[in-house]
**Q** 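Once you've had a glance at the structure underneath, I'll fire off some questions.
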Amino acid sequence: MMLIPTHHFRDIERKPEYLQPEKCVPPPYPGPVGTMWFIRDGCGIACAIVTWFLVLYAEFVVLFVMLIPSRDYVYSIINGIVFNLLAFLALASHCRAMLTDPGAVPKGNATKEFIESLQLKPGQVVYKCPKCCSIKPDRAHHCSVCKRCIRKMDHHCPWVNNCVGENNQKYFVLFTMYIALISLHALIMVGFHFLHCFEEDWTNLLQAYGLNRKGPAEARISLREKLQSLKVSSTECSSFSPPTTVILLILLCFEGLLFLIFTSVMFGTQVHSICTDETGIEQLKKEERRWAKKTKWMNMKAVFGHPFSLGWASPFATPDQGKADPYQYVV
């Protein structure tokens with residue numbers, strides 16, 4: 001059996017007769033400059049809504065089940081500030097990853113005029129995407145959901161309803177990092193809450209039924225009064241009934257553990273992809289490396305911006321990636 005090299009189809013697309021620029025017509029109504037990027041995909045929109053719902057659910061349980069009823073105000077204030085800050089940064093990163101153009105190639109630009117404007121030299125070739133009729137830069141791939149070619153496309157993520165590409169990879173990395181952090185923080189707080197409240201309620205329960213080691217004077221208190229004190233103590237640990245509190249905390253534990261594992265793996269995968277300067281699609285297809293090799297630090301700065309600063313951790317700081325090279329379409 002003859003083995004077909006991984007770049008076989010790419011070489012076919014590079015043949016001059018394959019371009020057929022006369023069949024490519026620019027879109028009749030190009031979007032105005034500055035138009036917000038948003039993918040109208042039902043599955044992606046549903047996943048994005050679920051993501052926000054789960055974060056807001058965690059916010060509700062952390063605030064109204066664990067922190068607000070707590071008598072330790074310093075503990076509540078510190079953890080409330082940290083958790084809300086991380087949750088805000090996570091949702092802000094999600095919005096930036098979802099609403100930022102990931103690096104879409106102009107649709108329908110495989111026209112005769114555009115090819116002539118590249119001023120190709122002898123031996124230089126360009127190749128066209130037959131699906132969106134665009135001249136693709138090197139390392140660009142077509143996304144069937146976005147219906148566009150995306151520069152340095154890593155993958156299409158339904159949770160952010162967008163592709164992860166050259167322009168929004170930083171925001172996706174921050175999104176996975178902050179989600180992992182709030183998941184870990186929520187799990188730690190749930191653990192402390194169970195230990196503190198269950199220990200306190202168990203001690204009160206023993207006292208209510210006279211099973212403690214206190215003196216006879218304590219034993220004279222009626223069982224009704226002891227149960228009443230137990231009820232008051234329980235409300236100080238949660239504003240809800242004990243069964244409701246346990247159910248809410250168990251659901252939060254399940255959500256936090258699931259998202260901690262998922263986003264931690266995604267974060268590690270993305271950081272590794274950035275350091276090696278090889279996208280997920282390129283790794284999957286085992287494409288031949290045709291670009292210059294750079295250090296890991298240079299690759300990190302290319303994604304998060306120059307120079308290193310606190311802006312790397314901010315979803316509101318747009319990384320300076322320089323101007324697009326017109327010859328990036330040329331191979």
**Q** Going through the checks in order, is the side-chain contact (heavy atoms from CB on, under 4.5 Å) test met by Val160 and Thr51?
**A** CA-CA 8 Å; Val160 297; Thr51 301; over 6 Å; no
**Q** Do Met177 and Leu174 come close enough that some side-chain heavy atom pair is under 4.5 Å?
**A** yes
**Q** How far apart are the C-alpha atoms of Trp37 and Asn162, what are their side-chain angles, what is the distance that settles it, and do they pass the side chain to side chain donor-acceptor pair (under 3.5 Å) test?
**A** CA-CA 9 Å; Trp37 177 272; Asn162 201 0; 3.0 Å; yes
**Q** Report yes or no: do Leu67 and Tyr73 belong to one cluster of Ile/Leu/Val/Met/Phe/Trp/Tyr joined by side chain heavy-atom distances under 4.5 Å?
**A** no
**Q** Are any side-chain N or O atoms of Ser273 and backbone N or O atoms of Thr269, one a donor and one an acceptor, separated by less than 3.5 Å?
**A** no
**Q** Would you say Ile77 ends up clustered with Ile188 if hydrophobic residues are merged whenever their side chains have heavy atoms under 4.5 Å apart, either directly or through other cluster members?
**A** no
**Q** With sequence neighbours left out, write down each residue that passes side chain to side chain donor-acceptor pair (under 3.5 Å) with Gln169, or none if nothing qualifies.
**A** Gln270
**Q** Taking Lys107's backbone N and O only, do any of them form a donor-acceptor pair with Ser134's side chain (distance below 3.5 Å, no angle check)?
**A** no
**Q** Is it the case that the side chain of Asp41 and the backbone of Asn161 share a donor-acceptor pair, with hydrogens and angles ignored and the cut-off at 3.5 Å?
**A** no
**Q** After noting the C-alpha distance and the side-chain angles of Cys133 and Cys129, does the key distance pass the side-chain contact (heavy atoms from CB on, under 4.5 Å) rule?
**A** CA-CA 5 Å; Cys133 203; Cys129 174; over 6 Å; no
**Q** Any chance you could measure Cys143, atom SG, to Ile39, atom CD1, to the nearest 0.5 Å?
**A** 7.5 Å
**Q** What pairs with Thr176 under side-chain contact (heavy atoms from CB on, under 4.5 Å), at least two apart in sequence or on another chain?
**A** Phe172, Thr263, Met266, Phe267
**Q** Ignoring hydrogens and geometry, is there a side-chain-to-backbone donor-acceptor pair from Lys296 to His272 under 3.5 Å?
**A** no
**Q** I want to check something: taking the side chain as every heavy atom from C-beta on, are Thr295 and Asn299 in contact at a cut-off of under 4.5 Å?
**A** no
**Q** Spell out, yes or no, whether Trp297 and Leu310 are grouped together once hydrophobic residues are joined by side-chain heavy atoms under 4.5 Å, including indirect joins.
**A** no
**Q** I'd like to know if the side chain of Asn168 reaches the main chain of Cys163, judged simply by a donor and an acceptor atom lying under 3.5 Å from each other, with no hydrogens or angles considered.
**A** yes
**Q** Kindly give the cluster partners of Ile150, where membership spreads through any ILVMFWY side chain lying under 4.5 Å from a current member.
**A** Met153, Ile281
**Q** Identify, with sequence neighbours excluded, every residue that meets side chain to side chain donor-acceptor pair (under 3.5 Å) alongside Glu282.
**A** Arg139, Thr279
**Q** Using a side-chain heavy atom cutoff under 4.5 Å and only I, L, V, M, F, W and Y, what cluster partners does Met298 have?
**A** none
**Q** With heavy-atom distances below 4.5 Å as the criterion, would you say the side chains of Ile45 and Phe38 are in contact?
**A** yes
**Q** Looking at Phe60, I'd like to know if its CZ atom is crowded, meaning that more than 12 non-hydrogen atoms belonging to other residues, nucleotides or ligands lie closer than 6.0 Å.
**A** yes
**Q** Starting at CE of Met189, measure out to OG of Ser76 and round the result to the nearest 0.5 Å.
**A** 10.0 Å
**Q** Should the pair Phe262 and Phe259 be assigned to parallel (<30°), tilted (30 to 60°) or perpendicular (>60°) ring geometry?
**A** perpendicular
**Q** Tell me if a side-chain donor or acceptor on Lys131 pairs with a main-chain N or O of Arg148 at a distance below 3.5 Å.
**A** no
**Q** Which is it for Phe88 and Tyr178 under the side-chain contact (heavy atoms from CB on, under 4.5 Å) test, yes or no, and what are the steps along the way?
**A** CA-CA 9 Å; Phe88 172 74; Tyr178 288 127; over 6 Å; no
**Q** Indicate yes or no: at least one non-hydrogen side-chain atom of Ile179 is less than 4.5 angstrom from one of Val55.
**A** yes
**Q** Could you go through the side-chain contact (heavy atoms from CB on, under 4.5 Å) check for Val164 and His156 one step at a time?
**A** CA-CA 6 Å; Val164 178; His156 183 91; over 6 Å; no
**Q** Do Phe308 and Lys301 have side chains that approach each other closer than 4.5 Å (heavy atoms only, starting at C-beta)?
**A** no
**Q** Hey, are the side chains of Arg151 and Asn167 touching, using non-hydrogen atoms and a 4.5 Å cut-off?
**A** yes
**Q** Would you give me the side-chain donor-acceptor pairs under 3.5 Å for residues 93-100, sequence neighbours excluded?
**A**
from, atom 1, to, atom 2, distance (Å)
Ser93, OG, Leu89, O, 2.7
His94, ND1, Trp52, NE1, 3.2
His94, NE2, Trp159, O, 2.7
Arg96, NH1, Pro315, O, 2.8
Arg96, NH2, Tyr171, OH, 2.8
Arg96, NH2, Thr318, OG1, 3.2
Thr100, OG1, Arg96, O, 2.4

**Q** Do Gln283 and Thr276 have side chains that approach each other closer than 4.5 Å (heavy atoms only, starting at C-beta)?
**A** yes
**Q** How long is the span from the CG atom in Leu284 to the CG atom in Asp154, to the nearest 0.5 Å?
**A** 10.5 Å
**Q** Would you call Asp277-Lys152 a salt bridge at under 4.0 Å N-O?
**A** yes
**Q** Within the 4.5 Å heavy-atom criterion, are Leu249 and Thr245 side-chain neighbours or not?
**A** yes
